[in-house]
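Each chain gets a letter, A, B and so on, in the order the sequences are listed, and its residues count up from 1. Remember, predicted model here, so these are calculated numbers, not experimental data.
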There are 2 protein chains.
Amino acid sequence: MKRFEKSSITIKDIAKKAGVAHSTVSLVMNDREHVSPKLREKILKIANEMGYMPNMVARSLISKKSSTVGVVFPENPHFFTITYFLMIIEGIQNACKKYNRALMFFSLDQTKGESYYQISRKWLIDLMIIMNVDYTRDISKDIQDLRDNGIYFSFLTKYLGKEKVNSVCVDNYEGVRMVLEHLASQGHKRVGYIAGNPNSADGPERTQAYKALYKKMGLDQDEELIVQGDFTFESGEREAPKLLDLKKPPTAIFAASDYMAIGAMRVIKERGLSIPGDIAVMGFDNTLEAAYVEPALTTIRQPLQEMGEKAVDLAIRSMNDESFEPQSLAIKPELIKRQSC
Amino acid sequence: MKRFEKSSITIKDIAKKAGVAHSTVSLVMNDREHVSPKLREKILKIANEMGYMPNMVARSLISKKSSTVGVVFPENPHFFTITYFLMIIEGIQNACKKYNRALMFFSLDQTKGESYYQISRKWLIDLMIIMNVDYTRDISKDIQDLRDNGIYFSFLTKYLGKEKVNSVCVDNYEGVRMVLEHLASQGHKRVGYIAGNPNSADGPERTQAYKALYKKMGLDQDEELIVQGDFTFESGEREAPKLLDLKKPPTAIFAASDYMAIGAMRVIKERGLSIPGDIAVMGFDNTLEAAYVEPALTTIRQPLQEMGEKAVDLAIRSMNDESFEPQSLAIKPELIKRQSC
DNA sequence: AAGAGACCATGAAACGTTTCGAAAAGTCCA
DNA sequence: TGGACTTTTCGAAACGTTTCATGGTCTCTT
């Protein structure tokens, strides 16, 4: 089998057949003015007959743009199983369709010295979604490089640097408020809190919101009621007993992630306590599993899909409008009432 | 802010600095022979200092290859929430890293006349993973086009056409065998079966396996015991009552997907029956939710990640070895014993 | 009927690579 | 020392587009 025997139809083939210059065909294909309607018609017809399909790569080379949205996430072989990310990606995928762009994925290995800018240059990515950041490294140089080279981007996480950049994240304060209000409205006074990963952007923010709000809600203020998890199921299983074993145990547990909440639930059930009878549980995230555990978990839904879509929208707006100020969007979450409280 | 002020380092910049022809630099960058070690060293050093990064787009244009794996799936806005696909994609992502390729995603809208080959041409994709096929259309011309143009591909689903192609799917027969054997070993004689979507590749295959096997396993043969679902949670909820309402109801239900099994479980529990005490339930797929329902679902794990990786491996082998015969891999699944039976 | 505009179409250059035939530079041996 | 190799380096062409200055062809006005 010979390869590339049948080479594909180019703009020149069409030009030859139509008896015009290939630059004219280019104008037609890009829907630009200054081509007579008659000629345009003719060229389009021929292109259609011949089954022309533009070569995006050649187009990218000259325009220095790739018609692509590049999603960059940190090196982590298990990235894709984390449902949290997946739903965001669905949103990005939708946006790509809307803007007629292809979607590319890159994992960034910062330990090998790879930078966001290098990736953009290597693949001529002109629109980048940055999904998560290792804040232990200085990222501001990268940001500057992207900016200097006309690459538009959004962060899909809280951006902790000083620069003003497009970013989309959930409104953690509002989410925590909803949780505590809901619990308070059901008469809970003592609410145990399992905090999330302190090295993330969301973990500390939720904890801060919790501390800022519980007095306002009239809940018990007691440092004992706060334990430190890291968003994982295991940390929920590990930390929940500390709350249950208190002299004065809480009547409700709020975990900063669903996975931790589910871990806590397992422990509670193993001890023969009933949920929500003996103790209520609330999570945060509305991951897929939350609906399937028993009892189904009451939690806060982050509109992840919407967030993914918004992130692309912001970057596109920056691209189309030079005067558009980078925005930091905090998306309002939603309370999902189920059976766990 | 001016754009592209700082244009990036090219092979020519390096050539100028090193005082050589840019073609020589190209040879060095591609690790080709016929360059003296001394010069090679010097060029590499300069390239490194200047922070050279190859322009993959220019490279693609000339080589007609994109160093990319293109994953193509059918137009379906909710593609990405289906965990089944996601785990496969994780495998593909791993393989991409292994072969140092970027990952691109495309949704194919066959109603608009888009073909697999067109996508490959448009983006110079030379390695394609085809995730699912609309078998109501004739795909053999597409296959031929891909072949004729040296584009290597694997199907990540059972391929139903006549051609010999690379394909990776789960061994459904073996999976069903494991289920029935497990149920039989626990003394079940009457096993209800909720069939999957009849228009898919997997649905009929599992049903066929069920029918071929239940006599061998000494189970009751009774057409009443087979009901028709479509893989969704809702169809499980809808069909399970038909089995429970039989004059002689089954002692176990086997659903051809976890989602249907979970739907069935909900109905069973609503009727106040205990699982597995009154009735055992088994699923198929080992989706994420299976571990979290109560009781946790005994099911068949498809090694999805492995399948994704294998699909890329096969395509790469075809690419590297012209004489490699396309293979059709049926991956052995695994029984995951949990509490539902 | 000629000059001024407006509109169309063209051809060449460019994008950053790879490839390949040919030139240049080494090496070896007689 | 010169011819015959071999190895190294070079230069030009090519990949399929877009862009843009230039020139040609209309149509209108005076």
For this session: Could you check how far CG of A:L61 sits from P of D:dT18, rounded to whole Å?
Result: 11 Å
Seminar exercise, completed: Rounding to 0.5 Å, atoms CD (A:E163) and CG (A:D142) come to a distance of 10.5 Å
Exercise. With respect to A:M128, which candidate in A:T68, A:V71, A:I119, A:V69 satisfies the side chain to side chain contact (heavy atoms under 4.5 Å, CB included) definition?
Worked result: A:I119
For this session: To the nearest Å, give me how far apart CE (A:M53) and P (D:dG16) are.
Result: 15 Å
For this session: Salt-bridge test for A:R121 and A:D126: reply yes if a basic N is under 4.0 Å from a carboxylate O, no otherwise.
Result: no
Exercise. What orientation do B:F155 and B:F153 show, parallel under 30°, tilted 30 to 60°, or perpendicular over 60°?
Worked result: perpendicular
Problem set entry | Members of residues 29-43 of chain B that approach DNA chain C, where some heavy atom sits under 4.0 Å away | B:N30, B:R32
For this session: Mind calculating the distance between CD1 (A:I14) and C1' (C:dT10) to the nearest angstrom?
Result: 17 Å
Problem set entry | Charged N-O contact under 4.0 Å between B:K141 and B:D148 | no
Exercise. D:dG16 phosphate, OP1 or OP2: any side-chain N/O from B:K64 under 4.0 angstrom?
Worked result: yes
For this session: Please list, by residue number, the residues of residues 16-25 of chain A whose heavy atoms come closer than 4.0 Å to an atom of DNA chain D; answer none if no residue qualifies.
Result: A:H22, A:S23
Seminar exercise, completed: Atom CZ of A:R59 and atom C1' of D:dT17 are separated, to the nearest Å, by 8 Å
Between the protein and nucleotides 21-28 of chain D, which nitrogen or oxygen pairs are less than 3.5 angstrom apart?
none

